[in-house]
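Notes follow once the structure below has been shown.
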Amino acid sequence: MGELLGVAVLGAGHMGADHVRRLDRVVSGARVAAVADPDAARAKEAVAGVEGVSVHTEAEAALDAPGVGAVLIASPGPAHEEALLAAFARGLPVLCEKPMVPDSAGALRVLEAEARLGRRLAQIGFMRRYDAEYRRLKALLDEGRLGRPLMLHCTHRNVSSPPGFTSAMLIDSSVSHEIDAARWLLGQELTAVTVLRPRPSSGAPAGLLDPQFVVFETDGGALVDVEVFVNCGFGYQVRVEAVCEAGSARVGDDHGMRVTARGSAGTDVPQDYLVRFADAYDREVQDWVDATRRGRVTGATTWDGYAASVVAEAGVRALEDGTRVPVDLAPRPALYG
C-alpha cells in the first residue's frame with residue numbers, strides 16, 4: 001500500500017505515550033512522525049528510541065511537521081476542540097480519544113465544522129467497539145435471536161481515582177464509555193438520565209460521591225443502568241448484560257489468569273484499562289491506520305462523540321440537581337445518516 005502513514009500524536013501523557021508505543025511497535029502501516037506536548041521533557045521521554053520523530057510543545061507545529069499525514073489526539077479533553085478544528089483545516093484524518101469535546105457546545109461546533117466539509121475526517125476513540133466480547137454481543141443483538149433488548153445492566157469499577165477527580169467526572173469521564181457502548185449496542189439514542197447516589201464509600205476521597213447509580217432511558221423504550229465505582233480498591237472491572245425478550249447475554253466476566261493452588265482458586269483482576277482493553281486499543285488503531293491509508297474513515301463518528309458529550313452533560317446536571325434530565329440533541333446532519 002505504499003509508504004508508511006506518518007502520524008502526529010498530540011499528548012504524551014499516559015494515553016499518548018501508550019499510543020506512541022503502539023504505533024511504533026504493534027501497528028503495521030504507520031510510524032510516529034511527530035509528537036506534541038506542553039511538557040517537552042515528557043514528549044521526548046515518550047518517543048525515546050523512536051527514530052525520525054520531531055518533538056513540539058505546540059499542537060499545530062506537530063500538525064505541520066514534515067511527513068505528517070494523520071493525527072492521533074490523546075491530549076486532555078479541553079484541548080480537543082482546537083486540535084480537531086486545526087486538523088480539519090488541514091484536511092488531516094483524525095483519531096480522537098474520548099471525550100471528543102467535554103462540553104456539548106464545543107462538541108456541536110466540531111460536528112458542524114466537519115459537516116461543512118461534506119466528508120468525514122474524524123474517528124472518535126470509543127475503543128469498546130473494538131473489544132472482542134463487545135463485538136460478539138453487538139452481533140448477537142443485531143441478529144435478533146434474543147428478541148428485543150429491554151435492559152442493559154452495566155458495571156464500571158476502577159481501583160482508585162486519580163488526584164483531582166470530581167464527582168462529575170464519574171459521569172463525563174468514566175460513564176461516557178457506557179454512554180457510547182449503550183447507544184452502539186442498542187442502536188438507540190439516550191433520551192433522559194437520572195443519577196442516584198448511595199452513601200459514599202469509605203474508600204472514596206473526602207467529598208467525592210462514589211459510587212453512583214446512573215439510569216438512562218432510550219428512544220427505543222429500553223433502560224440502561226450503570227453502577228460506577230471508581231475507588232473499589234481491588235481492580236478494574238467492566239461488564240454489561242443485555243436482557244432481551246427471549247434471553248440474556250453478559251460479557252466482561254473473565255479476563256485474567258486463573259490459578260488453583262493449596263485448596264484455593266483465584267483469578268487475576270486487571271488493575272488498569274490499558275491492560276483490560278489492550279487488544280481493543282490495538283485493533284482500533286490498526287483499523288484506523290488501514291482505513292486512512294485507503295482514504296476511508298470508519299468507527300465512531302463525530303455525531304457519536306457529540307451525542308456522548310450531550311448525554312454526559314445531562315448526566316452531570318442530574319447528579320447535581322437530583323432530578324431526571326432529558327437529553328436534547330441537535331438535528332443530525334445528513335453526513336452522519
Side-chain angles (χ1 to χ4, degrees), residues 5 7 9-32 35 42 45-50 70-77 94-100 123-139 154-162 173-181 184-185 228-230 232-240 250-259 266-292 298-300 304 308:
L5 176 69
V7 179
V9 178
L10 307 185
H14 191 51
M15 189 79 261
D18 193 58
H19 278 313
V20 168
R21 176 199 60 80
R22 181 170 289 106
L23 287 164
D24 184 55
R25 303 179 190 176
V26 179
V27 171
S28 63
R31 69 179 186 89
V32 182
V35 65
R42 182 167 63 180
E45 182 180 357
V47 298
V50 183
V71 187
L72 196 160
I73 300 175
S75 50
V94 187
L95 174 58
C96 180
E97 279 296 344
K98 70 88 191 171
M100 182 181 80
Q123 174 180 330
I124 310 306
F126 289 113
M127 82 294 185
R128 292 190 192 175
R129 296 183 180 214
Y130 291 87
D131 178 72
E133 291 186 63
Y134 272 74
R135 294 183 110 169
R136 287 197 294 271
L137 179 57
K138 171 65 172 171
C154 308
T155 301
H156 185 144
R157 298 173 182 153
N158 295 70
V159 178
S160 61
S161 58
S173 180
S174 297
V175 177
S176 61
H177 278 295
E178 276 74 24
I179 291 171
D180 181 73
W184 174 65
L185 288 170
V228 57
F229 188 8
V230 299
C232 76
F234 58 81
Y236 180 81
Q237 290 185 327
V238 169
R239 301 186 183 118
V240 59
R250 186 170 71 184
V251 301
D253 285 323
D254 297 312
H255 293 284
M257 179 171 60
R258 184 170 181 82
V259 177
T267 303
D268 291 340
V269 180
Q271 300 294 295
D272 186 282
Y273 63 94
L274 292 181
V275 175
R276 163 62 180 87
F277 287 108
D279 290 343
Y281 279 115
D282 290 349
R283 191 176 295 111
E284 174 189 48
V285 177
Q286 185 67 71
D287 283 2
W288 173 66
V289 168
D290 291 344
T292 300
T298 58
D304 295 317

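Quick caveat: nothing in here was measured; it's all calculated off a predicted structure.
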Problem set entry | Those residues that, when tested against S75, pass side chain to side chain contact (heavy atoms under 4.5 Å, CB included) (two or more places apart) | I73, A79, H80
Exercise. Does the side chain to side chain contact (heavy atoms under 4.5 Å, CB included) test come out yes or no for Q123 and D287, once each step is laid out?
Worked result: CA-CA 11 Å; Q123 174 180 330; D287 283 2; over 6 Å; no
Problem set entry | Validation row: V7, L23 side chains within 4.5 angstrom (heavy atoms) | yes
Exercise. Closest approach of V20 and A46, non-hydrogen atoms and distance?
Worked result: CG1-O, 3.4 Å
Exercise. Side-chain contact, heavy-atom cut-off 4.5 Å: R129 with K138?
Worked result: no
Seminar exercise, completed: Nearest heavy-atom approach of S174 to V228 is CB-CG2, 4.0 Å
For this session: Please tell me if the side chains of Y236 and F277 come closer than 4.5 Å, counting only heavy atoms from C-beta onward.
Result: yes
Exercise. So, for T292 and A70, which heavy atoms are closest and what is the spacing to 0.1 Å?
Worked result: CG2-CB, 4.3 Å
For this session: Drop me the distance from L185's CG to E178's CD, to the nearest 0.5 angstrom.
Result: 10.5 Å
Problem set entry | Y130 vs Q286 side-chain heavy atoms within contact, under 4.5 Å | no
Problem set entry | Closest approach of V289 to S28 (non-hydrogen atoms, all atoms of both residues) | CG1-O, 3.6 Å
For this session: Compare all side-chain heavy atoms of F126 with those of E284 and state whether any distance is below 4.5 angstrom.
Result: no
Problem set entry | Full working for side chain to side chain contact (heavy atoms under 4.5 Å, CB included) between R239 and R157 | CA-CA 9 Å; R239 301 186 183 118; R157 298 173 182 153; 3.7 Å; yes
Exercise. What distance do E133 atom CD and R250 atom CZ have between them, rounded to the nearest 0.5 Å?
Worked result: 11.0 Å
Exercise. What closest approach, in Å, do T298 and A291 show between heavy atoms, and which atom pair accounts for it?
Worked result: OG1-CB, 3.9 Å
Problem set entry | Pairwise side-chain contact, R276 with D131, heavy-atom cut-off 4.5 Å (strictly under) | yes
Problem set entry | H19 side chain reached by V285 side chain, heavy atoms, under 4.5 Å | yes
Exercise. Is there a donor-acceptor pair closer than 3.5 Å between any side-chain N or O of K98 and the backbone N or O of G77?
Worked result: no
Seminar exercise, completed: Rounding to 0.5 Å, atoms CE (M100) and OG (S176) come to a distance of 12.5 Å
Problem set entry | Pairwise side-chain contact, Y134 with V240, heavy-atom cut-off 4.5 Å (strictly under) | yes
Exercise. Rounded to the nearest 0.5 Å, how far does OH of Y281 lie from CE of M15?
Worked result: 4.5 Å
